[in-house]
Amino acid sequence: MYLLGLAILLSLLKVAEIGLVAAWSWWVILGVYGAAAAWWAWADASGYTKRKAMDKMDQRKKERIERQKKELAPGSRRR
């Protein structure tokens, strides 16, 4: 995602002709887009994306279980 953000920023700088980016070739900026596409392809093919999503779900599950344990503990009744 960071590469895509960088590519968009570079594109805007190139179109607005701001700074050093104005003198760069469009191929450099397209290369950043290509690197972002290659990263996404690798992440999907290797299972990296799925692992990260599962880790996030596991963490949420652990937090939910801990929260429920605290609510069921003696002396923590709500009134």
Side-chain angles (χ1 to χ4, degrees):
M1 193 62 149
Y2 296 115
L3 283 174
L4 182 61
L6 177 64
I8 291 171
L9 177 67
L10 291 175
S11 296
L12 292 174
L13 290 173
K14 176 73 173 169
V15 169
E17 296 181 0
I18 297 175
L20 295 173
V21 180
W24 292 358
S25 169
W26 276 105
W27 289 109
V28 174
I29 297 169
L30 290 175
V32 178
Y33 279 106
W39 165 257
W40 281 337
W42 174 83
D44 288 341
S46 69
Y48 178 80
T49 306
K50 191 67 166 179
R51 271 194 311 273
K52 285 295 186 181
M54 290 180 73
D55 289 344
K56 188 176 180 180
M57 283 190 338
D58 289 342
Q59 183 63 30
R60 289 178 63 199
K61 182 179 176 182
K62 287 177 185 177
E63 289 171 359
R64 185 177 64 242
I65 290 170
E66 288 300 317
R67 187 176 64 242
Q68 289 175 351
K69 283 181 182 178
K70 286 180 184 177
E71 290 175 0
L72 291 175
S76 64
R77 295 176 82 185
R78 292 185 187 180
R79 294 182 185 233

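Since we're looking at a predicted model, the values are computed, not measured.
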Student: What is the minimum heavy-atom distance between S46 and R51, and which atoms define it?
Tutor: O-NH1, 3.4 Å

Student: For residues M1 and L12: do they belong to one hydrophobic cluster (side chain heavy atoms under 4.5 Å, members Ile, Leu, Val, Met, Phe, Trp, Tyr)?
Tutor: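 Yes.
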
Student: For the NZ atom of K62 and the CZ atom of R60, what is their distance to the nearest 0.5 Å?
Tutor: 14.5 Å

Student: Using a 6.0 Å cut-off, check whether atom CH2 of W27 has over 12 heavy atoms from anything other than its own residue.
Tutor: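 It does not: W27 CH2 has 12 such atoms or fewer within range.
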
Student: Looking at every heavy atom in both V21 and K14, which two are closest together, and how far apart are they?
Tutor: O-CD, 3.4 Å

Student: Is there a chain of hydrophobic side chains (I, L, V, M, F, W, Y, each step under 4.5 Å between heavy atoms) that links L20 to I8?
Tutor: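 Looking at the clustering, I8 is in the same group as L20.
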
Student: Consider only side-chain heavy atoms of I, L, V, M, F, W and Y, link residues closer than 4.5 Å, and tell whether Y2 and L9 are in one cluster.
Tutor: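 Unlinked, Y2 and L9 end up in two clusters.
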
Student: Knowing that exactly one of K61, K56, M57, E63 qualifies, which makes a side chain to side chain contact (heavy atoms under 4.5 Å, CB included) with Q59?
Tutor: E63

Student: So which of L10, L4, L6 actually passes side chain to side chain contact (heavy atoms under 4.5 Å, CB included) with Y33?
Tutor: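 Of L10, L4, L6, side chain to side chain contact (heavy atoms under 4.5 Å, CB included) with Y33 is met by L4 alone.
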
Student: Tell me if the aromatic rings of W39 and Y48 count as close, with their centers under 6.0 Å from one another.
Tutor: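 Between W39 and Y48, the centre distance is under 6.0 Å.
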
Student: Using a cut-off of 6.0 Å, state whether more than 12 heavy atoms not belonging to I18 lie near its atom CD1.
Tutor: yes

